[in-house]
Every structure is written in structure tokens, then in C-alpha cells.
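Please read all numbers here as calculations on a predicted model, not as lab measurements. Labels below follow one simple rule: chain letters A, B, ... track the order of the sequence lines, proteins then strands, and each chain is numbered from 1.
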There are 2 protein chains.
Amino acid sequence: MKKFSDNSVDLIFADPPYHLQLPEGRRLKRGDGSEVIPVADGWDKFESYEEYDSFTENWLRGCQRVLKPTGTIWVMGMYHNIFRVGKIMQDLGLWFLNDVIWVKIDAMPNFKCRRFTNNHETLIWAVKNKNCKNYTFNYEFLKMMNDGRQMKDTDWTFPICRGPERLRDENGIKSHPTQKPLKLIQQVLLTASRKGDLVLDPFMGSGTTAVVAHALHRNWVGIEKEKRYVELANMRIENYIQTK
Amino acid sequence: MKKFSDNSVDLIFADPPYHLQLPEGRRLKRGDGSEVIPVADGWDKFESYEEYDSFTENWLRGCQRVLKPTGTIWVMGMYHNIFRVGKIMQDLGLWFLNDVIWVKIDAMPNFKCRRFTNNHETLIWAVKNKNCKNYTFNYEFLKMMNDGRQMKDTDWTFPICRGPERLRDENGIKSHPTQKPLKLIQQVLLTASRKGDLVLDPFMGSGTTAVVAHALHRNWVGIEKEKRYVELANMRIENYIQTK
DNA sequence: GCAAGGCATGAATCTACAT
DNA sequence: GATGTAGATTCATGCCTTG
């Protein structure tokens with residue numbers, strides 16, 4: 001297997017497993033009796049926080065190595081995992097630029113009424129190390145698209161991935177449990193990359209990053225452990241190229 | 001010194017030092033030549049991440065000990081520190097309910113145009129441990145005050161602390177660099193405490209928590225290391241009681 | 001008295017270049 | 001690499017001055 005060169009990637013977008021720790025065997029039902037299908041795949045199962053931390057440190061270390069000094073890394077998460085991930089990123093010397101809040105507008109309500117509705121995910125945006133000042137940030141473009149005002153870390157409001165964009169199998173079952181919306185990844189690439197840049201997604205899943213990168217004329221590399229998702233992503237990308 | 005009893009506190013609100021790591025000697029100036037006054041107090045200075053982590057684990061361990069199984073703890077922070085704090089909270093066994101986003105509406109812009117405007121702070125809301133189910137959460141009240149809709153973790157929008165509410169000395173200099181808005185603390189107490197409950201603020205600062213607790217008929221205990229802030233908070237509370 | 005405009009300021013890991 | 005200095009740049013709000 002060919003090894004990535006050091007300092008070779010312009011932008012990394014990572015949506016790692018969230019380590020949700022849902023209790024086994026419990027079912028959450030909506031008021032109409034229908035069942036909420038949880039993320040219960042093997043790739044989100046870890047024995048302990050320690051195992052999750054070790055997994056996290058390993059892939060982050062690799063990402064930091066291949067990231068250019070002018071590049072940036074984006075890591076998504078929710079409260080289950082993002083604090084552990086962020087702490088490990090800091091320990092590795094990655095230097096935070098912002099934590100951006102993706103506010104959803106149609107998230108699932110809290111059925112048990114014992115907490116606030118989970119209506120956001122957090123994106124940590126960082127450079128390779130503290131000394132990296134010359135990173136790509138398309139400030140003027142974002143400002144223009146934001147009514148002439150500087151973009152804020154709370155200005156990212158997009159719907160979750162649903163409707164025709166959501167990939168489903170022949171039975172209508174969603175093909176990937178955590179497919180991310182195209183607009184979210186588009187915003188990441190428009191913020192911090194240029195035409196011709198190399199984009200890496202170490203958890204490619206259904207291939208959203210690849211599709212967006214292709215559409216915006218960025219080069220891309222995706223990594224995915226589950227063979228069925230690699231096939232899914234390949235089909236999706238081929239479809240996109242043909243129908244465009 | 002009398003020691004707090006185990007399991008004796010109904011609600012903890014903690015706004016710890018953020019460990020900002022601003023470069024020494026550098027000045028950030030506005031276009032008109034005026035200077036941005038940074039948070040550069042000794043209490044926010046730590047030698048390293050390790051020292052900050054150790055400090056954090058110590059105070060959190062104490063908070064967890066005194067927190068009732070029916071109580072909750074709220075911890076505020078920004079991207080500089082909140083990820084480390086959250087990871088340590090999870091390691092201690094504190095169980096997260098939500099991460100709530102306080103969206104500001106009038107935060108300082110990013111003068112250098114190299115990042116997004118920092119326009120939010122994060123509040124982690126947690127219970128003593130995973131098994132605590134019977135915590136205080138005034139769900140119906142919040143729903144009523146939110147136009148009949150379930151409150152979301154992104155529904156907290158308050159201005160920063162300025163205007164007449166902001167404490168200043170005779171020269172107009174702010175008395176505390178990080179005074180929090182009354183409405184923010186009010187929202188915390190209205191969410192997760194009842195009349196007569198005991199509220200603990202381990203970083204009392206200018207005493208905002210005490211004033212709000214008094215106004216909402218909660219009992220309170222505040223801890224503060226800096227003598228000048230203790231005096232400031234005492235004066236503020238006396239003023240509030242007299243003028244009410 | 002009222003409206004318009006000037007000015008101060010806020011938890012900031014905020015630049016580029018020369019020595 | 002650390003340090004010093006010149007230089008370019010921002011948004012919402014509220015108080016105060018001016019007309």
C-alpha cells in the first residue's frame with residue numbers, strides 16, 4: 001500500500017464514528033408506534049473511552065502528517081465524542097481556528113422530553129500547528145455571500161440530509177445511517193480550498209465529499225473501511241459524473 | 001474550613017478560566033488606533049495543557065462529589081478550553097445531557113479577517129453519573145416560554161454583558177473582564193432548578209449567579225479566589241437587595 | 001424635544017515583515 | 001526562532017454630542 005506523502009493535502013474533512021453508546025436492545029418509539037432506527041453499526045462500537053481515544057489519536061496523527069502547512073482540517077462531531085476528539089487534537093498540536101456550529105433546521109425532536117432537542121453538530125476547524133498562518137480561507141467570497149458581512153461561527157444553517165438527496169436501497173431503507181448534506185460539505189470546501197486542491201476524507205462513507213469535490217473541481221481521495229460503502233460511493237460518483 | 005457535604009447541591013454553574021494563551025506583548029488594534037483589552041489576568045494563566053487539565057480535574061471532582069443525584073452541573077467555555085473540560089468530565093463519569101450553544105448577537109468581530117467571528121460559547125449540561133435519571137428539568141415551562149415548542153440546544157440567544165448591567169469602576173473600566181449576562185444565568189436556573197434549591201458557583205467572579213439566584217428565590221453559595229472580586233460581588237448583591 | 005451622527009467597546013489562541 | 005514595529009481592518013450596540 002502506497003503511503004501518503006507528508007504535507008501533501010490541502011483540506012481534510014473528517015466525520016469519524018461518534019461512539020454513541022446506545023444501550024443494546026432498547027428501542028425508541030415515536031408517538032405513532034413507529035421505531036427510530038439508531039446508528040448501531042459495528043463501526044461505531046468501541047469497548048471503552050480509552051479504545052475510542054486510541055483510535056482517534058491514530059487517525060488524527062496520520063491526518064496531521066499529510067496535511068500541508070497551508071491546509072486545514074475539519075472534524076465533525078456531537079457531544080458524545082467531539083470533546084474527546086478536540087482534546088486529542090490539541091494534544092497533537094493541531095491549532096484551532098474556530099469551532100463552527102452547524103445548526104439543523106429539521107432535526108428529530110426529543111421524544112422523551114427530558115433534554116433539549118439536539119439541533120446542532122460541531123465542526124472543529126484547525127491548522128497543522130500553531131505557526132501556520134498562511135492557510136487558505138476565502139474570506140472575501142464568504143463575506144460577499146453573507147450580505148457583505150463577515151461570516152460568523154454560528155452562521156451555518158442547513159437542513160439535514162433528506163429527500164431525494166438521501167440515498168436509499170430498493171426497500172426505501174437509508175443506505176448509510178449518517179449521510180451528510182451536500183451543502184454542508186460544499187460550505188467547507190468553499191471556505192477553505194481552491195480549484196485544483198487535494199481534498200482528503202478519511203471516513204468517506206457514502207461519498208458526499210467526493211461528489212462535492214468533483215463538482216467544485218477539487219481533486220480528492222477518500223478512505224473507507226466498509227466495502228459496501230465503498231461500492232455505494234463509487235456508484236454515486238459514477239452516477240453524478242454521467243448525469244451532470 | 002467547613003467541608004461541603006456529599007450530594008448536597010441541586011445545581012452547579014461553573015464558568016472556569018478559559019486558558020486563552022494570547023501571545024505576550026502583542027497588541028490587537030482597531031482601525032481607529034484604539035486597543036482591544038484582552039483577558040490577561042493571572043488567573044487565566046497556566047504553564048501548559050497538563051497544568052490546566054490537572055486544575056480542571058480537581059475542581060470538577062469536587063463538584064461531582066457535592067452534586068445531588070437529582071442535580072445537574074453546567075460548565076461554560078469556548079474552543080480554547082471546552083474540549084479539554086468536556087473530555088475530563090466524561091472521564092470522571094459525569095453524563096452529558098446536552099451541549100447548549102449560547103449564540104451572542106453582538107460579539108466582537110474578527111479584525112484580521114482570518115477566521116470566522118467568535119459568536120458563541122458552549123455550555124455542557126450533565127448529571128452526576130450515567131444512572132441519574134430523575135434530575136430537575138422544567139420541560140413544560142420552557143416549552144411554554146418557547147411559543148409552545150420544545151426548546152432546542154441552539155435556542156439560547158442573548159446579548160453579551162454590556163450597557164448599565166456591566167459593572168465599571170469610577171474610570172469607566174470594566175470591573176471584571178468576563179462578566180456574564182444576567183439573562184444567560186437566569187435561563188440556566190429556570191431550566192434546571194426549583195424555588196428553594198441550593199445553587200453553587202465555584203467561580204463566582206462578579207456575582208451574577210448570586211444575584212440571579214436571589215431574584216429567583218434559590219439559595220446559593222459562591223466560591224471566588226480573588227479578594228477584589230469577592231468584594232465586588234458582595235457590594236453588587238447588597239445593592240441589589242436594597243434597591244429591589 | 002427629537003433625530004442624526006460620532007464614538008467607544010466586547011473571553012482574541014486574529015498579520016506581515018524586517019532584524 | 002524570537003521580537004519589534006508598521007500597517008490594514010471590523011460589527012452590533014448604546015451612550016453622548018450635535019444640529
Side-chain angles (χ1 to χ4, degrees), chain A residues 70 72 86-87 89-91 93-99 124-135 137 139-140 142-143 146-155, chain B residues 14-46 48-49 52 75-85 102-123 157-169 171-181 184 203 205-206 208 229:
Chain A
T70 55
T72 58
K87 193 263 188 186
M89 290 178 72
Q90 285 186 318
D91 287 348
L94 290 159
W95 194 247
F96 291 177
L97 299 172
N98 285 111
D99 57 334
I124 296 177
W125 182 35
V127 284
K128 190 181 180 86
N129 63 60
K130 187 174 180 172
N131 300 318
C132 297
K133 302 288 184 188
N134 195 30
Y135 52 88
F137 177 44
Y139 173 81
E140 290 297 341
L142 295 176
K143 184 176 173 181
N146 194 38
D147 294 330
R149 279 186 295 273
Q150 194 173 73
M151 189 84 82
K152 300 175 183 175
D153 58 15
T154 50
D155 278 342
Chain B
D15 184 26
Y18 288 5
H19 187 26
L20 285 185
Q21 301 182 75
L22 296 168
E24 300 278 350
R26 301 282 182 82
R27 302 294 185 182
L28 182 64
K29 290 192 176 179
R30 301 186 183 86
D32 62 3
S34 70
E35 231 172 72
V36 175
I37 309 295
V39 177
D41 291 6
W43 50 259
D44 197 46
K45 292 268 185 297
F46 296 85
S48 62
Y49 283 139
Y52 184 77
V75 185
M76 276 191 75
M78 293 179 71
Y79 66 86
H80 315 79
N81 71 317
I82 196 63
F83 299 100
R84 315 192 73 78
V85 169
W102 167 31
V103 179
K104 308 174 185 181
I105 60 179
D106 49 2
M108 187 164 64
N110 185 292
F111 293 110
K112 300 293 185 189
C113 308
R114 294 296 291 148
R115 304 180 179 200
F116 296 105
T117 308
N118 292 332
N119 200 51
H120 77 279
E121 302 198 20
T122 301
L123 293 100
T157 303
F158 307 106
I160 58 176
C161 185
R162 23 184 334 185
E165 180 182 336
R166 188 87 198 213
L167 302 173
R168 294 179 187 279
D169 67 13
N171 300 315
I173 307 296
K174 54 190 177 190
S175 303
H176 192 289
T178 68
Q179 186 183 342
K180 292 297 177 292
L184 178 73
F203 302 96
S206 58
T208 308
Y229 296 149

**Prompt:** Roughly how far apart are A:M151 CE and B:N110 CG, rounded to 0.5 Å?
**Reply:** 13.0 Å
**C:dA12 pyrimidine/purine six-ring stacking with B:F111, under 5.5 Å and 30°** = no
**Asked** For A:Y139, what residues pass the side-chain hydrogen bond (donor to acceptor under 3.5 Å, both in side chains) criterion, not counting sequence neighbours?
**Response** A:Q150
**Item:** B:D169 side chain vs B:N171 backbone, donor-acceptor pair below 3.5 Å
**Value:** yes
**Request:** Sequence neighbours left out, what pairs pass salt bridge (Lys or Arg N to Asp or Glu O under 4.0 Å) with at least one residue falling in residues 22-33 of chain B?
**Result:** B:R27-B:E35
**Prompt:** Would you say the base of C:dA11 and the side-chain of B:K180 have a donor-acceptor pair closer than 3.5 Å?
**Reply:** yes
**Message:** Taking any heavy-atom pair under 4.0 Å as a contact, classify B:P177: base, sugar-phosphate, or nothing.
**Reply:** sugar-phosphate
**Message:** Suppose you measure atom P in D:dA12 against the same atom in C:dC14; what distance do you get, rounded to whole Å?
**Reply:** 22 Å
**Item:** For atom CG of B:D32 and atom C1' of C:dG6, their distance in whole Å
**Value:** 12 Å
**Message:** Between B:C113 and B:E121, which residue's closest nucleotide on DNA chain C lies nearer the 5′ terminus?
**Reply:** B:E121
**Item:** Spacing of the C1' atoms in D:dC15 and C:dA11 (rounded, Å)
**Value:** 23 Å
**Asked** Do the side chain of B:Q21 and the main chain of B:H80 share a donor and acceptor less than 3.5 angstrom apart?
**Response** no
**Prompt:** Can you list the residues that meet the ring-ring contact (aromatic ring centres under 6.0 Å, His included) rule with B:F46, with sequence neighbours excluded?
**Reply:** B:H19, B:Y52, B:F55
**Message:** Under 4.0 Å, heavy atoms only, any strand: does A:Y139 hit a base, just the sugar-phosphate, or nothing?
**Reply:** sugar-phosphate
**Request:** Round to the nearest Å and state the distance from A:N146 atom CG to D:dT10 atom P.
**Result:** 13 Å
**Request:** Could you tell me which residues satisfy side-chain hydrogen bond (donor to acceptor under 3.5 Å, both in side chains) with A:N98, sequence neighbours excluded, listed by chain and number?
**Result:** B:N118
**Item:** Ring geometry between B:Y229 and B:H176 (parallel below 30°, tilted from 30 to 60°, perpendicular above 60°)
**Value:** tilted
**Message:** Please confirm whether the ring centroid of A:W125 lies under 6.0 Å from the ring centroid of A:F137.
**Reply:** yes
**Message:** Mind checking if A:N131 touches a base, just sugar-phosphate, or nothing, with heavy atoms under 4.0 Å?
**Reply:** nothing
**Prompt:** Just checking A:Q90: base, sugar-phosphate only, or nothing, at a heavy-atom cut-off of under 4.0 Å?
**Reply:** base
**Prompt:** Is the distance from OP1 or OP2 of D:dT10 to the nearest side-chain N or O of A:K143 less than 4.0 Å?
**Reply:** yes
**Request:** For B:W102, check side-chain hydrogen bond (donor to acceptor under 3.5 Å, both in side chains) against everything at least two apart and list the hits.
**Result:** none
**Asked** Is any side-chain N or O of B:R30 under 3.5 Å from a base N or O of C:dG10, one able to act as donor and the other as acceptor?
**Response** yes
**Asked** What does B:I105 touch in the nucleic acid at a heavy-atom separation under 4.0 angstrom: a base, only the sugar-phosphate, or nothing?
**Response** sugar-phosphate
**Prompt:** When rounded to the nearest Å, what value does the distance between P atoms of C:dG10 and D:dA8 take?
**Reply:** 26 Å
**Request:** Using a 4.0 Å heavy-atom cut-off across all strands, classify A:K130 as base, sugar-phosphate, or nothing.
**Result:** nothing
**Message:** Does C:dC14 have OP1 or OP2 under 4.0 Å away from a side-chain N or O of A:K133?
**Reply:** yes
**Message:** Could you tell me how far C:dA8 sits from D:dT10 if I compare only their C1' atoms? Round to whole Å.
**Reply:** 14 Å
**Message:** Taking ring-ring contact (aromatic ring centres under 6.0 Å, His included) as the definition, give me every residue that meets it alongside B:Y18, ordered by chain and number, with sequence neighbours left out.
**Reply:** none
**Fill in**
Numerically ordered, the residues 159-168 of chain B set in heavy-atom contact under 4.0 Å with DNA chain D is B:R162, B:P164
**Asked** With a 4.0 Å cut-off on heavy atoms, is B:P181 in touch with a base, just the backbone sugar-phosphate, or nothing at all?
**Response** nothing
**Asked** With Watson-Crick and G-U wobble geometry limited to distances under 3.5 Å, how should the secondary structure of DNA chain D be encoded in dot-bracket form, using | for bases paired to another strand and [ ] for crossing pairs?
**Response** .|||||....|||||||||
What protein N or O atoms touch nucleotides 17-19 of chain C N or O atoms at under 3.5 angstrom, if any, and at what distances?
none

**Message:** By the 4.0 Å heavy-atom rule, please label B:R114 as base, sugar-phosphate, or nothing.
**Reply:** sugar-phosphate
**Item:** 5'-most by nearest nucleotide on DNA chain C - B:D106 or B:R115
**Value:** B:D106
**Message:** Using atom C1' in both nucleotides, what's the gap between C:dT9 and D:dT9 to the nearest angstrom?
**Reply:** 16 Å
**Fill in**
Sorted by chain and residue number, the side-chain hydrogen bond (donor to acceptor under 3.5 Å, both in side chains) partners of A:K152 (sequence neighbours excluded) come out as none
**Message:** Under 4.0 Å from OP1 or OP2 of C:dT9: is there any side-chain N or O of B:K174 that close?
**Reply:** no
**Message:** Counting the atoms with a prime plus P, OP1 and OP2 as sugar-phosphate, which does B:N118 contact under 4.0 Å by heavy atoms, base, sugar-phosphate, or nothing?
**Reply:** sugar-phosphate
**Listed once per pair and sorted, the salt bridge (Lys or Arg N to Asp or Glu O under 4.0 Å) pairs that draw on residues 108-119 of chain B, sequence neighbours left out** = none
**Asked** Partners of A:D99 by salt bridge (Lys or Arg N to Asp or Glu O under 4.0 Å), sequence neighbours excluded?
**Response** none
**Fill in**
Testing D:dT10, C:dA11, C:dA8 for proximity to the side chain of B:W43, the answer is C:dA11
**Request:** Take the protein atom CZ of B:R27 and the nucleotide atom P of D:dT9, then report the distance between them rounded to whole Å.
**Result:** 23 Å
